Novice: 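Before I ask anything, let me first share the structure, which is written out below as structure tokens.
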Amino acid sequence: MPVNSRPARGMRDFLPEDVRRREYVIAIVSDVYQRYGFEPLETPALENIETLTGKYGDEGHALMFKVLRRGEHEASGETDLALRYDLTVPLARVVAEHRGKLPKFFKRYQVQPVWRADRPARGRFREFYQCDVDAIGSRSMLIETELCAAVSDVLMALGFRDFVLKLNHRRLLTGVLSSAEIPETLHGAALVAIDKLDKIGIEGVRAELAARGIASTSAERVLEVFAGGLDLQRARDVLAAVPDALAAIGELEDIIALSAATSAGPYLRFDPTLARGLSYYTGAIMEIAVPDLPGSLGGGGRYDGLIGMFLGEDIPACGFSLGLERILVVMAERGMFPAHVQRGVAAVLVTLFEGEPAEEALRLASELRAHGLRVELYPEPDKLGKQFKYAASRGIPRVAILGSDERARGVLTIKDLTTGAQTTVGRAEAPAALGAVDET
RNA sequence: GUGGGUGUAGCUCAGUGGUAGAGCGCCGGAUUGUGGAUCCGGAAGUCGCGGGUUCGAUCCCCGUCAUCCACCCCA
């Protein structure tokens with residue numbers, strides 16, 4: 001009885017073309033981040049459960065994949081480990097654990113899978129890669145500015161031109177909510193509603209706020225602030241009595257002013273309704289939007305209190321996370337991958353005929369490989385037509401024909417499947433004729 | 001987690017309460033050293049799974065799983 005061969009819900013197998021696409025994007029992400037001085041980091045898939053609890057809010061906690069205790073304790077149903085839920089909390093743990101070995105300003109990037117027990121949807125999976133960059137140890141707004149620039153560089157290098165880098169500030173939001181006399185316990189609920197303003201409109205948000213238990217007088221004050229297209233100048237006026245919010249506005253103004261000198265400048269836009277779900281953010285928050293995706297391509301922000309939860313002493317930190325899967329979904333739909341990413345691996349197929357010595361073909365293949373060519377050897381004797389067909393179906397552009405005629409004359413016949421042209425060259429010229437670039 | 005759509009050949013999808021279909025792809029041949037075009041032929045499906053109604057279910061009903069869309073939330 002065959003067993004179901006599907007991967008577990010929300011998990012995927014990556015076939016060769018999938019892997020090539022993923023590696024293409026990851027290479028660009030890593031390259032750009034390295035140019036900004038970020039260094040690579042990897043952390044374990046599993047974390048102790050107490051490392052992760054209390055960092056993501058109730059909703060996040062519910063989506064965590066927890067691991068049962070093993071051995072005799074398994075039956076108890078207790079969990080002591082969990083699959084990592086993001087790359088930020090493990091980073092905070094690493095900083096607390098290895099503080100003495102890390103530089104004063106620790107800048108790291110990390111591309112690894114994370115797991116969430118969410119319901120799968122387009123661009124949403126239960127196992128997915130995040131590409132994080134974070135800078136630890138500075139409160140300067142240059143950090144936010146450079147992170148936005150790095151992310152913009154990545155997206156531009158991938159071919160995106162129509163993204164928006166939304167920018168907001170946690171303390172501006174809490175300032176608005178507090179001045180509207182919304183109790184702190186309802187801030188989260190209120191933010192979720194406000195976040196939908198561009199989607200469901202003022203009436204929708206009004207209904208949503210009411211449904212979430214916000215007093216109507218408070219709701220009206222909030223709507224008054226957000227409804228009329230709040231810019232930073234107006235925010236200053238409206239929140240003149242809330243010093244903390246004014247400081248937040250000042251930070252946003254700094255980031256925007258500084259970003260004019262970076263690639264992020266044209267893409268950055270203050271969005272007062274941007275909220276973001278993770279509970280650890282304390283300062284500026286960012287998110288990338290593209291028109292064809294309802295969700296975001298990535299997001300980030302400042303979290304000056306998170307490392308302190310491990311260390312007992314606060315260390316400022318700020319980071320950004322790109323969602324690899326979301327980027328891949330959009331790039332695939334828009335056909336943004338260059339041709340070399342789509343093509344098969346081998347540049348040349350070496351033929352093999354019935355009754356011919358395989359050693360000759362092996363020798364030719366290894367000779368070509370020594371010249372840097374990617375060479376696939378047809379593994380069993382077959383009709384030439386079959387071998388051509390195979391090469392064509394694999395996307396291999398050239399076939400090196402080595403049969404009895406060629407061996408007798410000491411030559412090689414080369415067929416270019418893209419043009420149909422066929423040439424005969426001496427064995428010594430074969431590598432160059434097949435496109436090898438001599439490195440010596 | 002809530003609501004709705006879909007599940008039939010490798011892929012895209014038709015179809016009917018009475019023995020299962022097309023296009024594309026695949027395989028073979030025309031062409032035993034020449035792919036892509038054309039022609040001829042061929043293989044292939046417990047109609048997602050389990051139960052129920054029925055003389056009989058791929059079709060109707062219930063459940064379940066998968067998948068997609070919207071909501072929720074998010075990368």
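Computed from a prediction, not measured in an experiment: that's the story for all the values here. Residue numbers begin at 1 in each chain, while the letters A, B, ... track the order of the sequences.
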Novice: Looking at Lys55(A) and Thr53(A), would you say the former's side chain and the latter's main chain have a donor-acceptor pair under 3.5 Å?
Specialist: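 Yes, Lys55(A) side chain to Thr53(A) backbone: donor-acceptor pair under 3.5 Å.
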Novice: What I want to find out is whether Glu97(A) reaches Arg93(A) closely enough, with some N-O distance under 4.0 Å, to be called a salt bridge.
Specialist: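 Not counted as a salt bridge, because no side-chain N and carboxylate O are separated by less than 4.0 Å.
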Novice: Find the partner of G41(B): check Watson-Crick (N1-N3 plus N6-O4 or O6-N4) and G-U wobble (N1-O2, O6-N3) distances, both under 3.5 Å, and reply none if neither fits.
Specialist: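 By the stated definition (distances under 3.5 Å), C27(B) pairs with G41(B).
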Novice: Check whether any side-chain N or O of Lys386(A) sits under 4.0 Å from OP1 or OP2 of G28(B), and answer yes or no.
Specialist: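 Checking Lys386(A) against G28(B): at least one side-chain N or O falls below 4.0 Å of OP1 or OP2.
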Novice: Which nucleotide, if any, forms a Watson-Crick or G-U wobble pair with G17(B), using both distances under 3.5 Å?
Specialist: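 Paired with G17(B), as far as the under-3.5 Å criterion goes, is no nucleotide at all.
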Novice: Rounded to whole angstroms, how far apart are CD on Glu356(A) and P on U32(B)?
Specialist: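 These atoms are roughly 16 Å apart.
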Novice: What pairs meet the side chain to side chain donor-acceptor pair (under 3.5 Å) rule with one or both residues in residues 422-435 of chain A, with sequence neighbours excluded?
Specialist: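 As it turns out, the side chain to side chain donor-acceptor pair (under 3.5 Å) pairs with a partner in residues 422-435 of chain A, which skip direct neighbours, are Glu367(A)-Arg427(A).
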Novice: Between Arg206(A) and Glu220(A), is there a salt bridge with N-O shorter than 4.0 Å?
Specialist: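 Judged by the 4.0 Å cut-off on N to carboxylate O distance, Glu220(A) and Arg206(A) do form a salt bridge.
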Novice: Distances under 3.5 Å between protein N/O atoms and the N/O atoms of nucleotides 66-68 of chain B, please, pair by pair.
Specialist:
| from | atom 1 | to | atom 2 | distance (Å) |
| --- | --- | --- | --- | --- |
| A66(B) | OP2 | Arg9(A) | NH1 | 3.2 |
| A66(B) | O2' | Arg6(A) | NH2 | 2.6 |

Novice: Categorize Ser393(A) for me: base, sugar-phosphate, or nothing, with a 4.0 angstrom heavy-atom threshold over every strand shown.
Specialist: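 Answer is nothing: Ser393(A) stays at 4.0 Å or more from every strand.
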Novice: Indicate yes or no: does Arg221(A) engage Glu224(A) in a salt bridge with an N to O separation below 4.0 Å.
Specialist: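 No, no charged N to carboxylate O under 4.0 Å.
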Novice: Please give the distance between the C1' atoms of U6(B) and A14(B) as a whole number of Å.
Specialist: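 U6(B) and A14(B) have their C1' atoms separated by 15 Å.
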Novice: If I take atom CG in residue Asp195(A) and atom C1' in nucleotide C71(B), what distance separates them, rounded to the nearest angstrom?
Specialist: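 Whole-Å distance recorded here is 15 Å.
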Novice: Under 4.0 Å between any heavy atoms, over every strand shown, what does Arg407(A) touch: base, sugar-phosphate, or nothing? Just pick one.
Specialist: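 Nothing, no nucleic acid heavy atom in range.
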Novice: Nearest whole angstrom, please: distance from the P of U34(B) to the CG of Leu412(A).
Specialist: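 Taking CG of Leu412(A) and P of U34(B), I get 17 Å after rounding.
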Novice: Could you verify whether a donor N or O on one side chain and an acceptor N or O on the other, from Tyr390(A) and Asp382(A), lie under 3.5 Å apart?
Specialist: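 Short answer, no.
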Novice: With distance as the sole test, does Arg170(A) use its side chain to make a donor-acceptor pair with the main-chain N or O of Arg276(A) at under 3.5 Å?
Specialist: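 Side chain of Arg170(A) to backbone of Arg276(A): a pair is present.
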Novice: Does Ala421(A) or Leu322(A) map to a spot on RNA chain B nearer the 5' end, using the closest nucleotide for each?
Specialist: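 With Ala421(A) and Leu322(A) compared, the 5'-side residue is Ala421(A).
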Novice: Using the C1' atom in both, what is the distance from U16(B) to A75(B), to the nearest Å?
Specialist: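 Here U16(B) and A75(B) have their C1' atoms 46 Å from each other.
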Novice: Using a cut-off of less than 4.0 Å, is there contact between a side-chain N or O of Lys196(A) and OP1 or OP2 of C72(B)?
Specialist: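 So the side chain of Lys196(A) is within the cut-off, an N or O lying under 4.0 Å from OP1 or OP2 of C72(B).
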Novice: Across all strands shown, which nucleotide pairs with U34(B) by Watson-Crick or G-U wobble geometry, both distances under 3.5 Å?
Specialist: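 Looking at the geometry, U34(B) pairs with no nucleotide.
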Novice: Pairing check on A22(B): which nucleotide meets the Watson-Crick or G-U wobble criteria with it, both distances under 3.5 Å?
Specialist: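 Looking at the geometry, A22(B) pairs with U12(B).
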Novice: So which nucleotide does G63(B) pair with, by the Watson-Crick or G-U wobble rule with both distances under 3.5 Å?
Specialist: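 WC or wobble partner is C49(B).
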Novice: Rounding to an integer number of Å, can you tell me how far Lys383(A) NZ sits from G33(B) C1'?
Specialist: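 Whole-Å distance recorded here is 11 Å.
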Novice: Measure CZ/Phe353(A) against P/U32(B) and give the value in whole Å, please.
Specialist: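 Taking CZ of Phe353(A) and P of U32(B), I get 13 Å after rounding.
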Novice: To the nearest angstrom, how far is Asp416(A) atom CG from U34(B) atom P?
Specialist: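 Whole-Å distance recorded here is 18 Å.
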Novice: Are any of Lys389(A)'s side-chain N or O atoms less than 4.0 Å away from OP1 or OP2 of G33(B)?
Specialist: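 Indeed not, no polar side-chain atom of Lys389(A) lies that close.
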Novice: Once you apply the 3.5 Å cut-off to both distances, tell me the Watson-Crick or G-U wobble partner of U2(B), or none.
Specialist: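 U2(B) is paired with A70(B).
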Novice: Kindly point out which of G35(B), C73(B), G33(B) is positioned nearest to the side chain of Glu406(A)?
Specialist: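 Minimum distance to the Glu406(A) side chain belongs to G33(B).
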Novice: Is there a donor on the side chain of Gln422(A) or the base of U34(B) sitting less than 3.5 Å from an acceptor on the other?
Specialist: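 Such a pair is found, so the answer is yes.
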Novice: Quick check on A75(B): is either OP1 or OP2 less than 4.0 Å from any side-chain nitrogen or oxygen of Arg276(A)?
Specialist: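 So the side chain of Arg276(A) is within the cut-off, an N or O lying under 4.0 Å from OP1 or OP2 of A75(B).
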Novice: Strictly by Watson-Crick or wobble contacts shorter than 3.5 Å, is anything paired with A75(B), and which nucleotide is it?
Specialist: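 WC or wobble partner does not exist here.
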Novice: To the nearest Å, how far apart are Leu191(A) CG and C73(B) P?
Specialist: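 In whole Å, C73(B) P and Leu191(A) CG are 11 Å from each other.
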Novice: Kindly say whether Ile256(A) contributes a backbone atom to a donor-acceptor pair with the side chain of Ser259(A) at under 3.5 angstrom?
Specialist: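 No; judged by distance alone, with no hydrogens or angles, the pair does not exist.
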Novice: Atom CZ of Phe160(A) and atom P of A75(B): how far apart are they, to the nearest Å?
Specialist: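 Value for this atom pair: 17 Å.
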Novice: Identify whether any heavy atom of Gly298(A) sits under 4.0 Å from a base atom; if not, whether one sits that close to sugar-phosphate; answer base, sugar-phosphate or nothing.
Specialist: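 Sugar-phosphate contact only.
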Novice: Mind jotting down which residue pairs meet the ring-ring contact (aromatic ring centres under 6.0 Å, His included) criterion with at least one end in residues 266-306 of chain A? Sequence neighbours excluded, please.
Specialist: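 Output for this query lists Phe163(A)-Tyr267(A), Tyr280(A)-Tyr303(A).
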